[in-house]
*Asks:* 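Submitted below is the structure of interest, expressed as structure tokens.
The basis for the numbers below is simple: all heavy atoms, side chains too, and nothing from hydrogens, waters or symmetry mates. Model, not experiment: these values are computed from the prediction. Counting convention: from 1, in listed order, for ligands and their atoms alike.
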Amino acid sequence: MSLIFIGTVALDSMESPYGKADMIPGGSALYGSLAASYFTDQVKLVAVIGGDFPKSGLEMIQDHHINIEGLQIKPQEKSFYWSGKYHENMNNRDTLITDLNVLANFDPIIPESYQDCEYLMLGNLTPQIQIKVIERIHKRPKLIVMDTMNYWMDSELEALLKVIQMVDVLTINDEESRQLSGEYSLAKAAKKILTMGPKYLVIKKGEHGALLFSKEEVFIAPGLPLEEVYDPTGAGDSFAGGFIGYIAKMQDTSFATLKKAIIHGSAMGSFCVENFGPDSLQNLSQEDIAARVKEFISLTTFAV
Ligand code: AMP
């Protein structure tokens, strides 16, 4: 049940109608590994940070017993920096700045103690690095899940298509699935993307939930109607962490388990948006998660 999570560990600045935060810890691997840590104590992080990454961010990771042998610290360099702005409709966000900084020359190291990994989460980052990680794990994991975003579709499409061919599950949002496939209908987009390599596709629709496609089946997780959404940053990564964390916990990759995994992923995403930055992922209990999953079940269960 050991799980490698690779992605960015970043400094983020964001603004929403509910407030703003400046240079706080974030990144796909920070949100994702925190979310996954609620499902397995075997989360192994692969990432790089600069000397400016705050001690409080590292403590957050260590408090969750995440293995950081694969986290490189480059004291002379700056951490990956991202800033974004949300509008009244929180499904829309503008990326204002993406500074790769230390990510630009990141050469991921897979420590020997990580080689027993059964589940691999390629969080959102440079596709070339995602490929290197797959190549550096000696025995192919049971399941490789990959997340990405439009930034890499615009700048690194060729490498992105190569890594997509190598994975079992791809998670992207609805607009990105349209961009990647050239199809507007999500059903058509899914059909096309499932010819590009992955066996399963998850299309995230922000507050409207998520869809899971295989070639034969479709499953839908609803969006939880939350009254307060403060900051959607990291929701997709928390979703990914909950999704693969649940699969690692159950040690099963059947479609039936993947369906439950997207509900657990959605539950983790829903916690994430309730506060600025990764704060709301810090002190959850198993009871909190079980209660949230129950809300998802009652939203979708009905008798005929
Ligand atoms: P999400 O809201 O789940 O899409 O993820 C937001 C997080 O992704 C932020 O904490 C950012 O630091 C990180 N991020 C933003 N752009 C990128 C990118 N191009 N590659 C990797 N991580 C990114």
*Asks:* Can you find an N or O of Gly27 that's nearer than 3.5 Å to an N or O of ligand 1?
*Replies:*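 By distance alone, the answer is yes.
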
*Asks:* Do you know which of Asp154, Thr148, Thr126, Ile131 makes side-chain contact (heavy atoms from CB on, under 4.5 Å) with Leu160?
*Replies:*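 Of Asp154, Thr148, Thr126, Ile131, side-chain contact (heavy atoms from CB on, under 4.5 Å) with Leu160 is met by Thr148 alone.
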
*Asks:* Would you check if there is a donor-acceptor pair between the side chains of Ser13 and Tyr81 at a distance under 3.5 Å?
*Replies:*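 Indeed, the side chains of Tyr81 and Ser13 share at least one donor-acceptor pair under 3.5 Å.
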
*Asks:* Please report which non-hydrogen protein atom sits nearest to atom 10 (O) of ligand 1, along with the residue it belongs to and the distance in Å to one decimal place.
*Replies:*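 That would be Asp12 OD2, 2.4 Å.
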
*Asks:* Tell me if the centroids of the rings in Phe296 and His264 come within less than 6.0 Å of each other.
*Replies:*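 Centroid distance Phe296-His264: not below 6.0 Å, so no.
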
*Asks:* Keeping the roles fixed (side chain from Thr40, backbone from Lys249), state whether a donor-acceptor pair exists under 3.5 Å.
*Replies:*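 Checking the backbone N and O of Lys249 against the side chain of Thr40, no donor-acceptor pair under 3.5 Å is found.
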
*Asks:* Do me a favour and list the nearest non-hydrogen protein atom to atom 20 (N) of ligand 1 with residue, atom name and distance?
*Replies:*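 For this ligand atom, the closest protein heavy atom is Trp152 NE1, 3.3 Å.
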
*Asks:* Considering only heavy atoms of Tyr151, which atoms of ligand 1 have at least one such atom less than 4.0 Å away?
*Replies:*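 With Tyr151 as reference, the close atoms of ligand 1 come out as 19 (N).
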
*Asks:* Does either side chain, that of Asp174 or that of Ser177, offer a donor lying less than 3.5 Å from an acceptor on the other one?
*Replies:*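 Side chains of Asp174 and Ser177: no pair found under 3.5 Å.
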
*Asks:* Any N or O on Ala10 sitting closer than 3.5 Å to an N or O of ligand 1?
*Replies:*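 No, there is no polar N/O contact under 3.5 Å.
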
*Asks:* With respect to Phe80, which candidate in Val9, Asn101, Leu125, Thr98 satisfies the side-chain contact (heavy atoms from CB on, under 4.5 Å) definition?
*Replies:*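 Looking at Val9, Asn101, Leu125, Thr98, the match for Phe80 under the side-chain contact (heavy atoms from CB on, under 4.5 Å) is Thr98.
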
*Asks:* Please give me the minimum heavy-atom distance between Ile203 and Leu186, naming the atom from each residue.
*Replies:*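 Of all heavy-atom pairs spanning Ile203 and Leu186, the closest is CD1-O, 4.1 Å.
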
*Asks:* Could you say whether the N/O atoms of Met149 and ligand 1 ever approach to under 3.5 Å?
*Replies:*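 Min N/O separation from ligand 1 is not below 3.5 Å for Met149.
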
*Asks:* I'd like to check which ligand 1 atoms, numbered from 1 as shown, lie under 4.0 Å from a non-hydrogen atom of Arg93.
*Replies:*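 Under 4.0 Å from Arg93, ligand 1 has these atoms: 1 (P), 2 (O), 4 (O).
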
*Asks:* Can you list the atoms of ligand 1 that are under 4.0 Å from a heavy atom of Pro232?
*Replies:*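 Those of ligand 1 that fall under 4.0 Å from Pro232 are 2 (O).
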
*Asks:* Looking only at protein heavy atoms, identify the closest one to atom 21 (C) of ligand 1 and say how far it is in Å.
*Replies:*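 Ranking protein heavy atoms by distance from atom 21 (C) of ligand 1, first comes Asn124 O, 2.9 Å.
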
*Asks:* Any idea which atoms of ligand 1 are less than 4.0 Å away from a heavy-atom of Gly26?
*Replies:*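 Answer for ligand 1: 10 (O).
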
*Asks:* Polar-atom distance check: Asp237 versus ligand 1, any N or O pair below 3.5 Å?
*Replies:*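 Between Asp237 and ligand 1, an N or O pair is found under 3.5 Å apart.
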
*Asks:* Judging by distance only, is a nitrogen or oxygen of Thr8 under 3.5 angstrom from one on ligand 1?
*Replies:*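 Between Thr8 and ligand 1, an N or O pair is found under 3.5 Å apart.
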
*Asks:* Using a 4.5 Å cut-off on heavy atoms from C-beta on, say whether the side chain of Val229 contacts that of Glu207.
*Replies:*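 Of all side-chain heavy-atom pairs linking Val229 with Glu207, none is under 4.5 Å.
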
*Asks:* Hey, which atoms in ligand 1 end up nearer than 4.0 Å to a heavy atom of Gly236?
*Replies:*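 Taking each heavy atom of Gly236 in turn, ligand 1 has 3 (O) under 4.0 Å.
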
*Asks:* At what distance is the nearest protein heavy atom to atom 2 (O) of ligand 1, and which residue and atom is it?
*Replies:*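 Its nearest protein heavy-atom neighbour is Gly234 N, 2.7 Å.
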
*Asks:* Are any of the N/O atoms in Tyr31 less than 3.5 Å from those in ligand 1?
*Replies:*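 Among all N and O atoms of Tyr31, none is under 3.5 Å from an N or O of ligand 1.
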
*Asks:* Any nitrogen or oxygen of Thr233, side chain or backbone, less than 3.5 Å from one on ligand 1?
*Replies:*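 Min N/O separation from ligand 1 is not below 3.5 Å for Thr233.
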
*Asks:* Hey, is Ser238 touching ligand 1 through its side chain, its backbone, both or neither, going by heavy atoms under 4.0 Å?
*Replies:*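 No part of Ser238 comes within reach of ligand 1.
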
*Asks:* Who's the nearest protein heavy-atom neighbour of atom 14 (N) of ligand 1, and how far?
*Replies:*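 Nearest protein contact, heavy atoms only, for atom 14 (N) of ligand 1 is Phe80 CE2, 3.8 Å.
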
*Asks:* Could you tell me which non-hydrogen atom of Ile244 sits nearest to which non-hydrogen atom of Leu120, and how far apart they are?
*Replies:*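 Scanning both residues, the minimum pair turns out to be CD1-O, 3.6 Å.
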
*Asks:* Both conditions, 6.0 Å and 45 degrees, for the charged tip of Arg178 above the ring of Tyr184: are they met here?
*Replies:*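 Yes, a cation-pi geometry.
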
*Asks:* Find the distance between CD1 (Ile49) and CD1 (Ile73) and round it off to the nearest 0.5 Å.
*Replies:*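 Here the interatomic distance stands at 4.5 Å.
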
